[in-house]
Undergrad: 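The structure is given below, and queries will be raised subsequently.
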Amino acid sequence: NYQRVNKNSKIALREFINSCKKSTQKCLKLAHENKITDRENLSSYLEKDHPAIYEALPQYDGFVPMYKELWLNYIKELLSITNSIKTLNGSSALLKLSMADYNGALLRVTKSKNKSLRGIQGIVIWDSQKFFILIVKGHLIDEIKCIPKKGTVFQFEIPLSDTDDSALRYSILGDRFKYRSVDRAGRKFKSRRCDDMLYYIQN
Amino acid sequence: NGVLIVPPPRTIANQDHFHRLNYLYQLSAYQTKPRAGAVKGHTPLA
Amino acid sequence: KRRQVYKPVLDNPFTNEAHLWPHVHDQPLIWQLVQSSILNKLAHMQSKEEYPWELYTDFNDIVQYLSSDRGNSDPVYLFVCNKDPGVPLVLLQQIPLLCYMAPMAVKLVQLPRSALAAFKTVSKYGLLLLRCDDRVDRKFVSQVDKNVDPLQFPWLSAVKYQPTAVKLLKTTVPI
């Protein structure tokens, strides 16, 4: 199956997202019809009665090591963050972060023109040109959400040490991030007009 | 034997790109490895 | 005229060539034990039916044994002459991973150079797989267990971030 997928990886990704969305909707509908309100009951009910839907559901827990083990260590290595924060140089960090890879990052939507997006938090499973495709831990089931970069501000944190909860917090202005992640690697960000980002100041 | 000897450089150019390649390679290895609970059909997608 | 330059090379975080074959701490002792406990006894037997243990020396039989789940939980020793020139590299390459992925516990024991000569009577490519059931000498088993490290494939066990290993390759370019 690798040949087929590699040839049309974009189509395979779209199919994956659509199949996850479809199975999520079916699953929420079944939960509503059967008046199931908590996670354990729902997953045991699905595993027993609707194994096909249960199989197709995305699992948030499978992506957590991607963030905790891989992405955090990568970004700490990139910013050469040691436990003593004094050595971090802010501006060079921003330049490196603008070229970094965000597949596997845990992002949270802090500001957005679309009010229903605010507060969504999830792990990036694909950083496309105009969207961050996140897997979100839901109350009943995990979902795949495509968050548009346009008109959205994302936030992520880099914990400094495992003991206390001190962390570095950065914001990503989605409007300035609408490039494919590979193109961003070699791109130099210049200061540009910002009349399209008044939402960032207003609310 | 006609070769101009120069000392090795202290820093490496494009170190960030190497970090990124190293990370993406490990990410793909992690995603491709069969995991408990992962959906079977998604491995090729990884 | 040429000028020396250094090219940065990113090392593959997953090659563990150094540990691909588990380290044998006391190689002469292990080799001595294999000869005295196994090979010398086999040399006097004419056919395989007389072998007092369950052992396989043919490559295909060994691969079949390691990749099929026979339901037995007995640990297995695989002795390989991986340092002798006469053994094709293609056979050797897949053995560590095959042992790691086998359903039973496999102890991979690499033998010293020129061990292939002593194997000629038993196995063509210097491979010997021994099932450690209760017919095998306990002292032999405990010695091998103590002196041979376990197989390790860091990226197949838990996920752990391997830091970036960039090395400089010295080369020259024309001026």
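Note: hydrogens, waters and symmetry copies are ignored here, and every other heavy atom, side chains too, is used. The structure presented is a predicted model; accordingly, all values stated were derived computationally and were not measured.
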Undergrad: Let's test your reading of the structure: which of B:Asp16, B:Asn22, B:Leu24 forms the most heavy-atom pairs below 4.5 Å with chain A?
TA: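 Between B:Asp16, B:Asn22, B:Leu24, the count favours B:Asp16.
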Undergrad: Contact between A:Lys96 and B:His19 at the side-chain level, heavy atoms closer than 4.5 Å - yes or no?
TA: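 Not touching, per the 4.5 Å side-chain cut-off.
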Undergrad: Measure the CD-OH distance between B:Gln26 and A:Tyr74 for me, rounded to the nearest 0.5 Å.
TA: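 One finds 11.5 Å between CD of B:Gln26 and OH of A:Tyr74.
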Undergrad: In terms of heavy-atom contacts, does NZ of A:Lys48 have more than 12 from other residues, nucleotides or ligands at under 6.0 Å?
TA: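 Check passes, neighbour count above 12.
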Undergrad: Heavy-atom count around A:Lys130 NZ within 6.0 Å, excluding the residue itself: above 12?
TA: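 Incorrect, the count does not exceed 12.
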Undergrad: Looking at every heavy atom in both A:Met66 and B:Leu27, which two are closest together, and how far apart are they?
TA: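 Minimum heavy-atom separation between A:Met66 and B:Leu27: CG-CD1, 3.2 Å.
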Undergrad: Identify the heavy atoms of A:Val182 and B:Arg20 that sit nearest to each other, and give their distance.
TA: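 What the structure gives for the nearest pair is N-NH2, 4.1 Å.
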Undergrad: So which part of A:Trp126 gets closer than 4.5 Å to some heavy atom of chain B, the side chain, the backbone, both or neither?
TA: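 A:Trp126 has no heavy atom closer than 4.5 Å to chain B.
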Undergrad: How far apart are the closest heavy atoms of B:Tyr30 and A:Leu70, and which atoms are they?
TA: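 The answer is CB-CD1, 3.8 Å.
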Undergrad: Step through the shown structure and confirm whether more than 12 heavy atoms of other residues, nucleotides or ligands are within 6.0 Å of CG on A:Asp195.
TA: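 More than 12 within 6.0 Å, yes.
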Undergrad: Got a second to check how far A:Asn103's CG is from B:Tyr23's OH, nearest 0.5 Å?
TA: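 A:Asn103 CG to B:Tyr23 OH: 6.5 Å, rounded to 0.5 Å.
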